[in-house]
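I have placed the structure first, in the form of structure tokens, so that the comments after it can refer back to it.
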4 protein chains.
Amino acid sequence: MSTPGNRETSGGRPLRADARTNRERILNVAEQVFGKGGRSASTEEVARLAGVGVATVFRHFPTKAALLEAVLVQRFDRLREQAEALSRAPDPGAAFFGFFSRLVADAAGKIAISEALLDAGSADGGAAVQASDGLRRAVGTLLRNAQHVGAVRGDVELPEVYALLVATSRARPEKEVRDRMLAIVFDGLTSGAGAGTFRTAGR
Amino acid sequence: MSTPGNRETSGGRPLRADARTNRERILNVAEQVFGKGGRSASTEEVARLAGVGVATVFRHFPTKAALLEAVLVQRFDRLREQAEALSRAPDPGAAFFGFFSRLVADAAGKIAISEALLDAGSADGGAAVQASDGLRRAVGTLLRNAQHVGAVRGDVELPEVYALLVATSRARPEKEVRDRMLAIVFDGLTSGAGAGTFRTAGR
Amino acid sequence: MSTPGNRETSGGRPLRADARTNRERILNVAEQVFGKGGRSASTEEVARLAGVGVATVFRHFPTKAALLEAVLVQRFDRLREQAEALSRAPDPGAAFFGFFSRLVADAAGKIAISEALLDAGSADGGAAVQASDGLRRAVGTLLRNAQHVGAVRGDVELPEVYALLVATSRARPEKEVRDRMLAIVFDGLTSGAGAGTFRTAGR
Amino acid sequence: MSTPGNRETSGGRPLRADARTNRERILNVAEQVFGKGGRSASTEEVARLAGVGVATVFRHFPTKAALLEAVLVQRFDRLREQAEALSRAPDPGAAFFGFFSRLVADAAGKIAISEALLDAGSADGGAAVQASDGLRRAVGTLLRNAQHVGAVRGDVELPEVYALLVATSRARPEKEVRDRMLAIVFDGLTSGAGAGTFRTAGR
DNA sequence: AATGAATGAGAATTCATTCAT
DNA sequence: AATGAATGAATTCTCATTCAT
């Protein structure tokens, strides 16, 4: 949307048509490759599957870290856009839980992504953190809306909700189990009270 | 219980005193190093921090994978022992939730461990998987006990509970947030009902 | 002849000019290095003498074994070509003995080569074995031709002749002695009869 | 026999009984191990098969090279003893050819031995060269005797005969082929003349 | 004397990144 | 702009040799 991080290169000059095509293909391939093999997947692999030379990858993304970052930014931005779109949906409860479910389902099988969701909280200094923050804000909106209509209890706050989102997107059980796992979390987000006794039990 | 996995070497012969010391130091250092850097941390790093040569590390653990495995087995075994001990505690509810909390707290900052908790479900064929299964079984016992006394609702099953354990142990927020995150999950495990509408919402 | 094994890479695509140069230099240097130090000579040594980095060697030959194999294939192919050329020479006797002499002379100082001539009989599964077989077949033709014109006695067969070729190419005496050694073998291949009594004497 | 190289250690002091036993066992195991794997077989392997610690091997033989040398000396000495014994046999022809056959047969499957037979000609400076010379001298005697009775033609000399011995002991064909190969060589050593034309053909 | 443990110096191989075409 | 080639710096693992018990 109105994100400033969407420029094609830092130089600002618009890319030639074929270059833009290449950049996009590389980015998409990288998402798959890092999704499967994590950070440690090799840049050559990305180049090969994208059908370009390694040097081309490095022309577009000066370091492997930059490539990884670009992948993450793209992903975070997409998610943020979805969240923003849902924030205008008629049923805020369905919007919130639906988004939560979809994100977790999508993250399955995307190692690097979820690793990143995780680490992006920590210092990276870069664009990925910003993009992650954008997503977090959008989730915050969804959450507030849902609380407004009583779909989510009022006493939970964004940090723990986001932590749950990150956490559950990391687990990679089969769909069946994943759904049952989410059901529990969603119950916890809805009902409230009661179990308070055990919250810190044993600590 | 009487853990059979605690022998010093598979060979059976007890190690010389100095060797055992070294082996233990290496194992502990490795736990930290892999905890911080994940699988991709280098064996050399482990050796350096343990104050021994790389070759010494390899003498004790013939491959890097074996070292990683040993670390995991040790950790899983420890956790299983704790779980087993708690399974005989007077208050099954406190036992279950207490164990859950402690595990998640301990996992903080231990990348490799949680990665492993995660992957151990998949094929590894090795000792780590066995140890992981042992832990899972022990958690199963805690869960059943807690359900028996009504501390955990009766309609949840081990797979999703274990998935939640894995998931939340992966997230690494500060203590504050972690506790609030767990409170939500624990609520979901206690109350039940109600939120069913949203379980698969958006899917 | 039209050797099919001479392509630059198995991929088929012709190498860039500079790459081909490097590949050839590496191959030649490797022939010398392995010739002197045998299989256990180091790849680093090859790289150093070829004036390239180790990684370059590995780019061209993905494993040390592959490099060794390439060296052998090249050598076997060359020898086979020579043998094939000689198989059309006017004097089959001179062709056979001449080839024999030349091969033995060339093998002097080439440990890896003769080791390989030796081992190629055994299982390697690879291209070297094929190339070795090609050479053996070519020698077979030379032998048959020479027997046809009576230059080599009729009752010897390829296996023992090839074994002799391998054996004598392994010994590395000075030229003088080598020639005298070959003279004995050649006599044995020509005359026949007579000494039969001693063939298995003492056995 | 009257060899001066038979002392147990260079120190001169006689070894304790158990030490001598160990030394012998190590030596025999080493012969097998190096026979199978060549020089590159590991010292640990020797130790393991001998049922002693590595350090014990190194106590008896200060370096791997020394161990290899000792193996060779032992082997050369044994062969020399056999040759010397045969030099007093009634039939010098049978003695010569018999010894030749036996040596070649024994060498089969003993990589290091034949490698050494080969290299011992070159500079080693050590005891192995001396032992090798002893063997060579003994073969010389066998040869002269055989020539004396006309079993071997008179115009061949020790260097080329020894070279043939070395060469054929390196080839490792099956028994069948080996025998036929030797038959050719023996013919060459007996008959003489005739094939002279080809001796240096092609050179 | 015997041994298991420790180790430094390689060796093969990989990979992010730079260079020449 | 695109590419294949080149490379230095890791990284895992091995082995002859030394050390401490």
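Any value given below was found using the heavy atoms of this structure, including those in side chains, with hydrogens, waters and symmetry copies removed. Letters A, B, ... are given to chains in the order of the sequence lines, protein chains preceding strands, and every chain is numbered from 1.
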[X] has a side chain; which of [options] sits nearest to it?
X       : options               : value
D/Val52 : E/dC15, F/dA2, E/dT3  : E/dT3
B/Thr63 : E/dT13, F/dA6, F/dC13 : F/dC13
A/Ala55 : F/dA6, E/dT3, E/dT18  : E/dT18

Identity of whatever pairs with E/dA20 - Watson-Crick or G-U, under 3.5 angstrom: F/dT3
Return the value, rounded to whole Å, for the distance between atom [atom1] of [X] and atom [atom2] of [N].
X       : N      : atom1 : atom2 : value
C/Leu67 : E/dT13 : CG    : P     : 10 Å
C/Arg48 : F/dT7  : CZ    : P     : 14 Å
B/Leu68 : F/dT11 : CG    : P     : 16 Å
C/His60 : E/dA12 : NE2   : C1'   : 18 Å
C/Arg59 : F/dA9  : CZ    : C1'   : 17 Å
A/Glu44 : F/dT7  : CD    : C1'   : 13 Å
D/Ile26 : E/dA1  : CD1   : P     : 13 Å
C/Asp18 : F/dT3  : CG    : C1'   : 12 Å

Touch check for [X], heavy atoms < 4.0 angstrom, all strands: base, sugar-phosphate only, or nothing?
X       : answer
C/Thr43 : sugar-phosphate
B/Val54 : nothing
D/Ser42 : sugar-phosphate

Heavy-atom closest pair, residues C/Phe61 and C/Arg23: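 Reported closest heavy-atom pair: CE2-NH1, 3.5 Å.
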Closest approach of B/Ala30 to B/Val71 (non-hydrogen atoms, all atoms of both residues): CB-CG2, 3.7 Å
E/dT3 phosphate, OP1 or OP2, under 4.0 Å from D/Thr56 side-chain N/O: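 Checking E/dT3 against D/Thr56, a side-chain N or O does come within under 4.0 Å of OP1 or OP2.
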First encountered from the 5' end of DNA chain E, between A/Ala65 and C/Phe58: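 Closest to the 5' end, via its nearest nucleotide, is C/Phe58.
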Upstream residue (5' side of DNA chain E) when B/Asn22 and A/Lys64 are each assigned their closest nucleotide: B/Asn22
Donor-acceptor pair between A/Asn22 and A/Arg25 side chains, under 3.5 angstrom: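 Result is yes, a qualifying pair exists.
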Option among B/Glu24, B/Glu69, B/Glu31 that satisfies the side chain to side chain donor-acceptor pair (under 3.5 Å) test with B/Gln74: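 It is B/Glu31; the other options fail the test.
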Name of the residue among B/Leu49, B/Thr43, B/Thr21, B/Val46 meeting side-chain contact (heavy atoms from CB on, under 4.5 Å) with B/Ile26: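 Running side-chain contact (heavy atoms from CB on, under 4.5 Å) over B/Leu49, B/Thr43, B/Thr21, B/Val46 with B/Ile26 returns exactly one hit, B/Val46.
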Residue met sooner reading DNA chain F from 5', once C/Val57 and B/Ser40 are mapped to nucleotides: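 Final value for this comparison: C/Val57.
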